[in-house]
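Structure first, commentary second.
Residue numbers start at 1 and run along the sequence shown.
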Amino acid sequence: MSLPTNWPVTIPANAKAVVWMRSDSVSGGKDWIGIATDREFITHWGKTGHVNQSRVKEKNGFIGSALSNLMAAAAGKSRKGYWVVARMTHDAPAPSLNDLPPPPSKPSAIAKAVEAWQKEAFATEGEWF
């Protein structure tokens with residue numbers, strides 16, 4: 001089977017991820033395209049070669065992010081026998097502040113006292129006390 005080279009729908013410029021899936025059927029096959037933007041989760045579906053139905057869910061119409069909804073819908077299609085024809089993703093977003101390592105902690109008063117003691121103890125060579 002050769003894979004199509006053109007998307008059967010127009011992909012919005014603000015699309016973050018897109019998945020095109022297909023399933024065999026007695027009528028010649030079914031296509032499903034899921035699109036996640038920053039504000040919407042869009043689906044298109046129909047017979048292969050005739051994708052003419054669509055649904056748009058605005059951000060307040062779904063739970064989680066559009067990307068998480070796309071991933072869940074694609075997993076559901078996969079369980080029903082659909083396979084991925086094509087996909088499009090942009091580079092991963094910059095890590096959130098929660099993903100960064102914590103800043104170095106300030107030394108405690110005890111740690112400062114121990115450090116001062118060590119500097120004083122080793123200031124005179126060979127003497128510990």
Side-chain angles (χ1 to χ4, degrees):
M1 179 182 108
S2 64
L3 297 178
T5 57
N6 296 325
W7 291 86
V9 297
T10 302
I11 306 300
N14 65 339
K16 302 293 182 194
V18 185
V19 178
W20 177 3
M21 301 181 82
R22 179 170 289 160
S23 174
D24 290 327
S25 73
V26 292
S27 62
K30 301 182 287 185
D31 282 7
W32 178 88
I33 297 106
I35 303 169
T37 72
D38 51 347
R39 297 181 310 267
E40 301 168 323
F41 172 51
I42 306 165
T43 54
H44 297 272
W45 67 93
K47 291 182 179 182
T48 299
H50 300 285
V51 176
N52 56 11
Q53 297 178 66
S54 64
R55 179 185 211 179
V56 177
K57 288 185 180 180
E58 298 287 333
K59 190 169 181 89
N60 60 0
F62 54 83
I63 297 172
S65 69
L67 184 57
S68 67
N69 278 260
L70 172 61
M71 292 169 54
K77 291 293 179 185
S78 182
R79 286 190 295 273
K80 291 181 179 180
Y82 283 74
W83 67 89
V84 175
V85 174
R87 72 182 81 185
M88 182 196 84
T89 59
H90 290 282
D91 293 332
S96 73
L97 294 177
N98 295 334
D99 296 335
L100 299 175
S105 61
K106 295 180 182 178
S108 68
I110 294 173
K112 287 180 183 177
V114 169
E115 185 179 348
W117 174 78
Q118 287 174 332
K119 284 182 182 176
E120 184 181 316
F122 292 110
T124 54
E125 228 173 279
E127 275 187 42
W128 279 77
F129 298 101

(request) With side-chain contact (heavy atoms from CB on, under 4.5 Å) as the test, would you mind laying out the steps for I33 and T43 before giving the verdict? (result) CA-CA 6 Å; I33 297 106; T43 54; over 6 Å; no
(message) Would you say that F41 contacts S65 through its side chain, given a criterion of any heavy-atom pair below 4.5 Å between the two side chains?
(response) no
(message) Distance check, rounded to the nearest 0.5 Å: K77 atom NZ versus Y82 atom OH?
(response) 4.0 Å
(message) Under a 3.5 Å threshold, yes or no: a donor from one side chain and an acceptor from the other, between W45 and D31?
(response) no
(request) Measure the NZ-OG1 distance between K30 and T48 for me, rounded to the nearest 0.5 Å. (result) 9.5 Å
(message) For L70 versus A17, what's the shortest heavy-atom pair and its separation?
(response) CD2-O, 3.6 Å
(message) Please check this pair: side chain of N14 against backbone of D38, looking for a donor-acceptor N/O pair closer than 3.5 Å.
(response) no
(request) May I ask you to test the K16-L67 pair for a side-chain heavy-atom distance under 4.5 Å? (result) no
(message) Measuring only between side-chain heavy atoms, which start at C-beta, is S23 closer than 4.5 Å to K80?
(response) no
(request) Start with the C-alpha gap between I11 and M88, add the side-chain angles, then the distance that decides, and say whether side-chain contact (heavy atoms from CB on, under 4.5 Å) holds. (result) CA-CA 10 Å; I11 306 300; M88 182 196 84; 4.0 Å; yes
(request) Could you grab the distance from atom CG of N69 to atom CD of E40, nearest 0.5 Å is fine? (result) 12.5 Å
(message) I'd like to know whether I35 forms a side-chain contact (heavy atoms from CB on, under 4.5 Å) with H44, so could you lay out the CA-CA distance, the side-chain angles of the two residues, the decisive distance to 0.1 Å, and finally the verdict.
(response) CA-CA 9 Å; I35 303 169; H44 297 272; 3.9 Å; yes
(message) What I'd like to find out is whether the side chain of S78 reaches to under 4.5 Å of the side chain of M21, using heavy atoms alone.
(response) yes
(message) Taking the side chain as everything from C-beta on, heavy atoms only, tell me whether V85 gets closer than 4.5 Å to W32.
(response) no
